[in-house]
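Here the structure comes first, spelled out in structure tokens, and everything after it is commentary.
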Amino acid sequence: TKQLAKPGDTVLGEIRIGVIKENIKKPFMRTNEYNGKRELFNPNQIFLSPSPVYSSLDAHAKLYTLKDGRKIQVMLQVRLRPGSYGIGQQMVGATKTIDSNFNNNELEWYTEELSAINITGILVRFV
């Protein structure tokens, strides 16, 4: 079946999905700058963003080199079921506005509910 996986999941019977080495690995308390509330933030979720600018940062979208030497980035375009996700601030340490269409405090959307994500497209950017 077609299904997304999140950190901590095991796929194909034996491959465990991990967290990228540089990323936060354990839950921690934080103030959510989008809604001003204290929360136990779990980094073992699927992270999305309404901003292609934020999504294309090196921290989120790896550059791949094709055989002919061209470089590409790939992102998924998705729809999320309303009410199935949280919204929070950017986590890349930016001190300036990342995307003029969005406040930095609303750039990360996150969910543990994989069935709430519907992939609608694949976005490829040649760099």
Side-chain angles (χ1 to χ4, degrees):
T1 64
K2 299 175 192 173
Q3 186 172 339
L4 292 173
K6 66 182 185 319
D9 289 348
T10 300
V11 297
L12 303 174
E14 60 186 58
I15 301 170
R16 185 170 172 80
I17 303 295
V19 176
I20 296 171
K21 184 173 77 169
E22 295 82 18
N23 287 1
I24 301 161
K25 294 179 176 34
K26 295 180 181 176
F28 64 96
M29 290 301 295
R30 75 169 188 180
T31 298
N32 183 314
E33 293 176 16
Y34 175 73
N35 60 25
K37 296 179 181 175
R38 293 283 294 162
E39 67 181 3
L40 179 62
F41 181 74
N42 181 2
N44 295 314
Q45 304 183 67
I46 298 288
F47 287 86
L48 310 111
S49 179
S51 166
V53 175
Y54 186 67
S55 297
S56 67
L57 295 176
D58 291 343
H60 304 303
K62 182 179 175 179
L63 276 176
Y64 292 93
T65 303
L66 302 176
K67 289 181 182 180
D68 64 6
R70 292 182 298 164
K71 295 181 186 265
I72 63 168
Q73 278 183 317
V74 179
M75 292 181 279
L76 298 177
Q77 182 179 28
V78 303
R79 293 183 69 186
L80 288 168
R81 187 175 69 246
S84 67
Y85 57 93
I87 298 174
Q89 65 267 23
Q90 58 87 18
M91 295 286 287
V92 296
T95 56
K96 296 181 180 179
T97 300
I98 295 170
D99 183 332
S100 60
N101 295 302
F102 299 96
N103 185 296
N104 280 3
N105 293 339
E106 63 183 354
L107 285 175
E108 286 202 356
W109 296 12
Y110 42 90
T111 184
E112 294 182 44
E113 199 174 329
L114 302 180
S115 63
I117 303 168
N118 181 24
I119 298 171
T120 59
I122 298 174
L123 309 172
V124 179
R125 179 173 81 117
F126 287 86
V127 181

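- With hydrogens and angles disregarded, a donor-acceptor distance shorter than 3.5 Å links the side chain of Q89 to the backbone of E33.
- Under the ring pair (Phe, Tyr, Trp, His ring centres under 6.0 Å) criterion, Y34 pairs with no residue at all, not counting sequence neighbours.
- Cluster annotation: M29 and F41 are assigned to distinct hydrophobic clusters (Ile/Leu/Val/Met/Phe/Trp/Tyr, side-chain heavy-atom contacts under 4.5 Å, transitive).
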Evaluation steps, side chain to side chain contact (heavy atoms under 4.5 Å, CB included), between E108 and H60: CA-CA 11 Å; E108 286 202 356; H60 304 303; 3.9 Å; yes
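- The main-chain N or O of N32 is never found under 3.5 Å from a side-chain atom of E39 such that the two would form a donor-acceptor pair.
- Here the closest heavy-atom approach between residue V53 and residue S56 is recorded as O-OG, 3.0 Å.
- Here the shortest heavy-atom pairing between I87 and Y110 reads O-OH, 3.5 Å.
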Under 3.5 Å, which donor-acceptor pairs link side chains of residues 115-123 to any protein atom two or more places apart or in another chain?
{"residue": "T120", "atom": "OG1", "partner": "Q77", "partner atom": "O", "Å": "3.2"}

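- Across all their heavy atoms, N35 and K37 have their closest contact at OD1-N, 2.9 Å.
- Contact between R125 and Q73 at its shortest, heavy atoms only, is NH2-OE1, 2.6 Å.
- Put simply, L76 and V124 are part of the same group of oily side chains (I, L, V, M, F, W, Y) that touch within less than 4.5 Å, one to the next.
- Using a 30° and 60° split on the angle between ring planes, Y85 and W109 fall in the parallel class, below 30°.
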Evaluation steps, side chain to side chain contact (heavy atoms under 4.5 Å, CB included), between L107 and V92: CA-CA 10 Å; L107 285 175; V92 296; over 6 Å; no
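- Once rounded to the nearest 0.5 Å, the distance linking CD of Q90 with OG of S51 reads 11.0 Å.
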Show the numbers, then the answer: is there a side chain to side chain contact (heavy atoms under 4.5 Å, CB included) between D99 and Y54? CA-CA 7 Å; D99 183 332; Y54 186 67; 5.7 Å; no
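- The OG atom of S49 sits 9.0 Å away from atom CD of E106, with the distance rounded to the nearest 0.5 Å.
- At most 12 non-hydrogen atoms from other residues, nucleotides or ligands lie less than 6.0 angstrom from CZ of R79.
- Within a 6.0 Å sphere centred on CG of D58, heavy atoms belonging to other residues, nucleotides or ligands number 12 at most.
- Note that CD1 of I98 and OG1 of T95 are 9.5 Å apart. Values are rounded to the nearest 0.5 Å.
- N104 contributes a side-chain N or O that, together with a main-chain N or O of K96, makes up a donor-acceptor pair within less than 3.5 Å.
- Criterion: ILVMFWY side-chain heavy atoms under 4.5 Å apart, direct or through other members. Under it, M75 and L63 are not part of a common hydrophobic cluster.
- L57 and F102 fall within a single hydrophobic cluster, where Ile, Leu, Val, Met, Phe, Trp and Tyr are joined by side-chain heavy atoms under 4.5 Å apart, directly or via other members.
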